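Excluded from the calculations below are hydrogen atoms, water molecules and symmetry mates; all remaining heavy atoms, backbone and side chain alike, are included. A, B, ... follow the sequence lines: proteins, then strands. Residue 1 opens every chain. Fair warning: this is a prediction, and the values are worked out from it, not measured in the lab.
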Amino acid sequence: MKPIIRFKKFFRFFSAMPALGWLFGFLTAVIIEYLIGDNIAWMLGLPKIPALFGFLIMLKKPLLIPGASAYIIIVYLLPLTLTARFCSGTINKIAAKLYKLPTPVYTVLYLIFLYIIIDIWAGISDYRIVTIKLTFIAIILTLSLNVINGYMGEFSCSHTGFMALGAYTASTVTLILCANDKLFGEALLPSYLAPFLFPIALIAGGIIAAIGSLLVAIPSFRTRGDYLAIISLAFMFIVKSLIENLEVLGGARGMGSQPHLANLPTVFIWTALSIWIINNFVTSIIGKATNAVRDNETAANAMTVNTRKTKIVTFMFAAFWAGIAGGLFAHVLCYVNPGTFGIKKLAEIFTMVYFGGLNSVVGSIIGAISFNLASEALRPLELFKWIIIPVIMILIMIYKPTGLVAFKEFNIKKILAPKGDK
Amino acid sequence: MTPLLKVENMTHFFGGLRAVHNYNLNLEKNKIQGLIGPNGAGKTTVFNLITGIFKPSEGSVKLDKEEITGLFPHQIASKGLGRTFQNLLLWRHLTVFDHIQIAHYSQINYGLIGSFFGTKKRRKQEAEIEESARRLMEIFDISDFANMLAVNLPYGAQRRVEMARAMAIKPKVLFLDEPTAGMTPEELIRMIQIIKNVRKEFNVAIFLIEHRLKFVMELCETIQTLVFGEVIAEGTPEQIQNNPQVIEAYLGKEDIT
C-alpha cells in the first residue's frame with residue numbers, strides 16, 4: 001500500500017499544475033540546456049547534447065545509456081518536478097489572471113510562450129529544427145485527413161496526391177518568382193519580396209489541391225467505403241505519374257533549390273492557423289453535418305442537410321490543408337520529387353490518424369507528434385523500426401480500436417484553465 | 001381551402017413491380033391522418049416518394065401550393081416536411097443535443113466563412129439554435145439526456161429524440177413512420193399524448209403510418225387503407241373499422257362452406 005500512496009503523492013504536484021506550469025517547467029529546462037547543456041553533456045561523458053531526449057544515443061551506443069538518462073533527469077525532469085513542487089501555487093495564480101482575459105488573447109499569449117520554448121529547444125541543432133518542422137507539417141496533414149476519414153467517415157487514400165499538388169504548385173510559384181534555378185531561370189522579383197509571396201504561393205498550392213479533390217469528391221456521391229478508397233487511391237497514382245512525366249516540373253528527378261522560406265516561425269504559424277480553422281469548422285453546425293453524413297446519410301438528408309455540398313466542401317477543405325502542408329514540406333526540404341508522395345507516406349499519415357484517434361483534433365495532434373518523434377527516435381534501429389511501429393499500431397487497434405483520444409472535442413479553454421489547489 | 005399537402009395520381013414502379021398506384025392525398029392544416037395497411041402494402045414507399053428519397057414515376061406532390069416533385073430530399077425537408085423513420089435512423093456517434101442542433105442546418109446562413117473563422121454572425125446564430133434546441137428537448141422531455149449518445153437511450157426516448165429532431169427543421173407537415181413500433185403499452189399512451197401536444201404546440205399537420213389500431217383510432221381524424229399499393233378505403237376511423245374490404249385485407253375472406 002505505502003509505496004503506491006507515495007507514488008500518488010509524487011504525482012499530485014503534477015496534477016495540480018496548469019498548462020502554464022508545464023510551459024514554465026519546460027522553459028527552465030530549455031534555458032538550462034541552452035546555457036550549460038554542453039557542459040552537462042561533457043561531464044556525463046556524452047559526445048554532445050542528446051538531440052532527441054537521448055533516444056538516439058541510447059540506441060546507437062548502449063554504453064552511454066546511464067549518461068543519457070542522467071542528462072534527461074538533470075535537464076528536463078528536475079526542472080519540471082521542481083516547478084511542479086514549489087511554484088504550482090504562484091503559477092496557478094498567474095494562470096487564473098490570464099484566464100480572465102478574452103479567450104483569443106490568452107490563447108495567443110500561450111502560443112507565443114510555446115513558440116519561445118520551441119525556438120530555444122530547436123536552436124541547439126539543425127536536426128532538431130528539421131524534426132520539429134516536419135512534425136508540425138505532420139500535424140496539419142493528420143488533422144486534414146481526419147476531417148475526411150474521421151469526421152466524414154469516407155476512406156480517402158488520396159491525401160498524398162493533394163499534398164503533391166500543393167507542393168508542386170507552391171514550389172513552381174516560388175521558383176518562378178523568387179529563385180534562380182535551372183528549370184525556370186532567373187527570379188522575376190527581388191528576393192526581399194519572397195517572404196511576403198510565400199503565403200500566396202502556399203494558398204495557391206492549397207487551392208489547386210482543393211480543385212483536384214473534386215475528382216474524388218464527385219464520385220463520393222454514389223460510392224462509399226471500399227469503392228471510394230480505390231477511386232481515391234487511383235487519384236493519388238494519377239497525380240504521381242502525371243508529375244513523373246511532366247518534364248517541365250523536372251519529371252521523376254524532382255524539383256530542387258526552393259528558397260529557404262519555411263522557417264520555424266512560418267511553419268508554427270501555419271500549424272496554429274490550421275488547428276484553429278479546422279477546429280472551428282468541425283465544431284460548427286456545418287461541420288457537425290459531416291458527422292451526420294457519416295453516421296446516416298438518409299437521415300442527414302431528411303434533416304435538411306445538403307449531403308452533396310457537405311461532401312464537396314469537406315473534401316476541398318481537407319485537400320486545401322493537405323496542399324498547404326505539401327507546400328511547406330517542399331520548402332522545408334528545399335527539394336521535392338514525386339517518389340516522396342507515394343504509398344509509404346500515405347501509410348504514415350494513416351498511422352498518425354488512426355493512432356491518435358478518429359474524429360478528434362487533440363487525437364490528431366497527439367498522434368502526429370508521438371508518431372513522428374517515435375519514428376525519429378527509433379531511426380537507429382533501421383529496419384527494425386518498421387517492425388516495432390506496426391506492432392504498436394496493432395496493439396492500439398486491439399486495445400483501443402478508435403485510437404488514443406477519439407471522439408473528443410478540442411476545448412482550448414479547458415486545457416488552459418488554472419487548476420484549483422487542494 | 002386548398003390542402004397543405006396535396007398528392008395527385010402518384011404512381012411508382014420498382015422495375016416491373018408497381019409499388020404504388022394512383023395514390024391521392026389531401027392533408028389539411030392541423031389534421032392528423034393515418035395510413036394503415038398490411039405488411040408490404042407500400043406504406044413506407046409512399047412516405048419515401050413524398051419525401052423525395054425515391055422520385056415518383058408519375059404524379060405530382062404539392063406542399064403549400066408549391067410543386068416539390070423531383071426535388072432532393074434535403075430541399076423537400078427544408079421546405080417544411082419533417083419525418084421520422086420506421087427503423088430509427090439516429091446518428092451513432094452523436095449526442096442528443098447534437099442531433100437536434102444539426103437538424104437546424106437549413107436555418108443557418110453564416111456560410112463557410114463563418115464556420116471557418118468563428119465570426120460574430122456564427123456565434124449569434126449558433127446561440128439561437130442552441131436555445132431552440134434546448135426548448136425542443138424540454139418539450140419532448142429529453143433534456144436529461146442532452147449530452148448522452150442518442151443510441152444509448154431507452155427505446156421510447158430514442159423515438160422522442162427522432163421526433164424532436166424532425167420538429168427542429170420547423171416543418172409544416174410531420175411524417176411519422178410507425179412511431180410506436182416496439183413500444184410498451186405505457187410508452188404508447190405517452191406517445192399519444194406527445195403527438196397531441198405536438199399538434200397543439202407547433203400547429204403542424206401529421207401523417208402517420210401505424211399498425212396498432214388503438215393508437216390510430218384514438219389519434220387520427222381520417223384514415224387511408226393501402227393494400228398492394230392502392231388505397232382501398234378512406235374515411236373516419238369508424239368507417240374504416242366497419243369497412244368490409246379493410247376487414248378482408250387484414251383478416252382474409254370468410255370461407256362459407
Side-chain angles (χ1 to χ4, degrees), chain A residues 102-104 107 147 150-153 206 210 221 273-314 316-318 320-321 357-360 402 406-410 412, chain B residues 47-48 51-53 72-85 87-95 97-119 122-123 125-126 129-130 133 149-151 162 165-166 168-171 175 177:
Chain A
T103 321
T107 313
V147 171
Y151 285 91
M152 197 165 59
F221 295 159
L273 209 62
S274 82
I275 296 175
W276 181 60
I277 294 181
I278 292 177
N279 189 50
N280 267 339
F281 177 69
V282 297
T283 49
S284 73
I285 289 175
I286 293 182
K288 275 183 187 156
T290 59
N291 285 342
V293 170
R294 171 195 63 200
D295 286 346
N296 196 311
E297 218 176 311
T298 318
N301 243 323
M303 295 306 134
T304 72
V305 175
N306 187 342
T307 51
R308 293 190 169 195
K309 190 180 147 201
T310 305
K311 281 179 178 174
I312 288 192
V313 164
T314 313
M316 288 182 83
F317 178 64
F320 175 82
W321 285 109
L358 289 173
N359 208 84
S360 152
T402 45
F407 298 100
K408 278 243 168 70
E409 257 185 39
F410 179 56
I412 193 85
Chain B
F47 265 35
N48 287 345
T51 53
I53 292 176
F72 286 116
H74 69 89
Q75 289 171 317
I76 293 178
S78 41
K79 288 198 188 301
L81 210 156
R83 73 169 292 182
T84 65
F85 296 90
N87 44 351
L88 278 175
L89 300 184
L90 293 168
W91 295 309
R92 240 194 103 203
H93 299 285
L94 296 180
T95 62
F97 189 42
D98 282 341
H99 270 78
I100 295 161
Q101 277 191 311
I102 290 170
H104 287 82
Y105 184 89
S106 66
Q107 292 148 44
I108 297 171
N109 58 7
Y110 55 71
L112 287 174
I113 301 294
S115 73
F116 294 156
F117 300 104
T119 50
R122 165 180 164 183
R123 280 198 295 274
Q125 284 191 4
E126 294 209 335
I129 288 173
E130 196 180 321
L149 291 184
V151 285
E162 242 206 346
R165 183 176 73 169
I169 71 171
K170 300 213 162 60
F175 279 30
D177 199 343

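- A:I286 CD1 to B:R122 CZ: the interatomic distance, rounded to the nearest 0.5 Å, is 8.5 Å.
- Annotation for B:F72: atom CZ does not count as buried by contact number, only 12 or fewer foreign heavy atoms lying within 6.0 Å.
- Annotation: maximal heavy-atom pairing with chain B below 4.5 Å, among A:I277, A:N279, A:T298, occurs at A:I277.
- Proximity to chain B involves both the backbone and the side chain of A:V305, based on heavy atoms less than 4.5 angstrom apart.
- Contact count versus chain A (heavy atoms, under 4.5 Å) is highest, among B:E126, B:H93, B:R92, B:E162, for B:H93.
- The residue among B:L81, B:L94, B:I76 with the most heavy atom pairs within less than 4.5 Å of chain A is B:L94.
- B:K170 is linked by a side chain to side chain donor-acceptor pair (under 3.5 Å) to B:Q107, counting only residues two or more places apart in sequence or in another chain.
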Give the C-alpha distance, both sets of side-chain angles, the deciding distance and a yes or no for side-chain contact (heavy atoms from CB on, under 4.5 Å) between B:F116 and A:N280. CA-CA 5 Å; B:F116 294 156; A:N280 267 339; 5.7 Å; no

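- For the set A:R294, A:M303, A:K288, the entry with the most heavy-atom pairs within less than 4.5 Å of chain B is A:M303.
- Chain A forms more heavy-atom pairs under 4.5 Å with one residue of B:G118, B:G52, B:A77 than with any other, namely B:A77.
- Taking B:Y105, B:Y110, B:F85 one by one and counting their heavy-atom pairs under 4.5 Å with chain A, the maximum is reached by B:Y105.
- For the pair A:F221/A:I312, a side-chain contact is recorded, criterion being any heavy-atom separation below 4.5 Å from C-beta on.
- For B:I102, the parts lying under 4.5 angstrom from a heavy atom of chain A are both the backbone and the side chain.
- A donor-acceptor contact shorter than 3.5 Å links the side chain of B:Q125 to the backbone of B:N109.
- With a 4.5 Å cut-off on non-hydrogen atoms, A:F281 touches chain B through its backbone and its side chain both.
- Taking the side chain to side chain donor-acceptor pair (under 3.5 Å) definition, one finds that B:T51 meets it with B:R83, sequence neighbours left out.
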